[in-house]
Amino acid sequence: MSEQGGAQTRGTVIVTGANRGIGKALALGLAADGYPVAMVGRSLDKLEAARGEAADPDRIRCYAADIARHEDVQAAVKAIEADAEAIHGLVNNAGITRDGLVMRLSPEQWQEVLDVNLTGTFFFTRAIAPLMMRQRSGRIVNISSVIGLAGNAGQANYAASKAGIVAMTKSVARELGGRGVTCNAIAPGFIETDMTADLPEKVRTDMLKSIPLKRFGAVSDLLGAVRFMLSPDAAWITGQTLVVDGGMVM
Ligand code: NAP
């Protein structure tokens, strides 16, 4: 087993939205580091397919939950706690976009994005906090976005949800710090996944011009930041938002 980061603690790391995109890359990467990983997603079949791509699938277990449904999250966390020796970390990654200019954004589009991105992050944090507090250790890593820091036309709902995550991160950090639990956020810039695949060419070209490092991010570009937040090296860091975006937002 690799001694990478805090993997030698052998506590399980939970990753939500782990069947594709950034969540899948994080789950497989952390499992390769030696962490037992609990992959969470809406479809067990999709999770199992992603798990099948791992170098050591035995290190990964899959749990079905729609993170916007409180009862799903409670059941998944109960099952994870029953299966795991200890919980080291929670990566709140699952998220969606429902874009539209604010005048045309429907109340349903607004609510759906808030329900998944912000309330789902709250549900998972709420469910896992008692155990981490009892353990007197734990790392919560929330995936926000540079859009939550800078805003973006057509994404008022998404920006609000991601800014909410930054503020929630600070509040949770203050609440749980006394019990040895840290809570930090990662704010990715433009990462090539299904979420960004449909953007018009003009938007992509303009965006590329605004990235000092002159390329879009790959899912693998986020693993180092998450790995760091889970590692002993980040033991005295909490309430922070680390921007990982090739320099786009400064
Ligand atoms: P993605 O490829 O669209 O994947 C989203 C993941 O979230 C999928 O596994 C999806 O599952 C899951 N998910 C969605 N709604 C869910 C729900 N209600 N319950 C459980 N799982 C749910 O997106 P991504 O690009 O990897 O994004 C991952 C995270 O990074 C998101 O929070 C996103 O906002 C953030 N982010 C992405 C970028 C970027 O440029 N890509 C930039 C900044 C931040 P299904 O397959 O079942 O839909």
Side-chain angles (χ1 to χ4, degrees), residues 14-29 37-51 53 62-77 90-99 109 111-125 127 141-152 155 157-166 168-169 185-199 203-204 207-208 210-211 215-223 225-226 241-246 248-249:
I14 304 166
V15 181
T16 69
N19 57 288
R20 61 190 168 97
I22 292 167
K24 179 170 116 180
L26 294 179
L28 300 191
V37 170
M39 294 175 94
V40 177
R42 287 186 288 200
S43 151
L44 219 41
D45 287 348
K46 288 186 192 170
L47 286 168
E48 288 293 351
R51 174 175 170 270
E53 293 176 40
C62 302
Y63 302 85
D66 178 335
I67 66 158
R69 294 170 55 94
H70 191 223
E71 57 276 23
D72 278 20
V73 173
Q74 284 184 305
V77 169
L90 163 65
V91 183
N92 279 309
N93 164 78
I96 59 168
T97 52
R98 297 288 181 267
D99 297 350
Q109 284 174 303
Q111 199 57 50
E112 201 183 340
V113 169
L114 269 290
D115 285 350
V116 175
N117 298 5
L118 188 56
T119 308
T121 298
F122 159 64
F123 283 162
F124 250 97
T125 303
V141 183
N142 295 326
I143 305 300
S144 175
S145 167
V146 289
I147 305 302
L149 306 177
N152 194 24
Q155 290 197 304
N157 51 356
Y158 184 77
S161 74
K162 293 299 185 179
I165 285 175
V166 169
M168 195 197 319
T169 297
I186 308 288
F190 188 108
I191 310 289
E192 303 257 28
T193 67
D194 296 344
M195 187 175 272
T196 46
D198 294 337
L199 286 180
V203 175
R204 290 173 68 93
M207 208 171 273
L208 197 53
S210 71
I211 302 175
R215 68 170 175 87
F216 296 127
V219 288
S220 54
D221 283 312
L222 295 177
L223 179 59
V226 173
T241 298
L242 178 59
V243 177
V244 182
D245 70 345
M248 186 167 69
V249 172

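Whatever order the structure lists them in is the order used to number ligands and atoms, beginning at 1.
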Heavy-atom donor-acceptor pair, Asn117 side chain to Ile96 backbone, under 3.5 Å:
yes
Can you check whether Ile143's main-chain N or O pairs, donor with acceptor, with Asn93's side chain at less than 3.5 Å?
no
What part of [X], side chain, backbone, both or neither, has a heavy atom within less than 4.0 angstrom of ligand 1?
X	value
Thr193	side chain
Ile67	both
Lys162	side chain

Starting from [atom], which protein heavy atom do you reach first, and at what distance in Å?
atom	value
atom 36 (N) of ligand 1	Tyr158 OH, 3.5 Å
atom 38 (C) of ligand 1	Gly189 O, 3.9 Å
atom 43 (C) of ligand 1	Pro188 O, 3.4 Å
atom 45 (P) of ligand 1	Arg42 NH2, 3.4 Å
atom 18 (N) of ligand 1	Asp66 OD1, 2.8 Å
atom 22 (C) of ligand 1	Ala94 CB, 3.7 Å
atom 14 (C) of ligand 1	Ile96 CG2, 3.6 Å
atom 11 (O) of ligand 1	Asn19 OD1, 3.4 Å

Could you tell me which non-hydrogen atom of [X] sits nearest to which non-hydrogen atom of [Y], and how far apart they are?
X	Y	value
Val244	Ala225	CG2-CB, 3.8 Å
Val15	Ala18	O-CB, 3.5 Å
Gly29	Leu223	CA-CD2, 3.8 Å
Met248	Gly189	CE-CA, 4.3 Å
Ser144	Ala185	CB-CB, 4.5 Å
Asn19	Ala50	O-CB, 3.6 Å

Heavy-atom side-chain proximity of [X] to [Y] below 4.5 angstrom:
X	Y	value
Phe216	Thr196	no
Gln155	Lys162	no
Phe123	Ile67	no
Lys46	Lys24	no

Would you check whether [X] has a nitrogen or oxygen atom less than 3.5 angstrom from a nitrogen or oxygen atom of ligand 1?
X	answer
Thr196	no
Asn117	no
Ser145	no
Ile191	yes
Ile22	yes

Check whether any heavy atom of [X] sits under 4.0 Å from an atom of ligand 1.
X	result
Ser144	yes
Gly120	no
Asn93	yes

Pair Thr121, Asn142: side-chain N/O donor-acceptor within cut-off below 3.5 Å
no
Heavy atoms only: which of Gly21, Ala65, Gly17, Gly95 is nearest to atom 5 (C) of ligand 1?
Gly95
As a check for students: among Arg20, Lys24, Met39, identify the option with a heavy atom nearest to atom 2 (O) of ligand 1.
Arg20
Need the ligand 1 atom indices (1-based, order shown) with element for anything under 4.0 Å from a heavy-atom of Phe190.
40 (O)
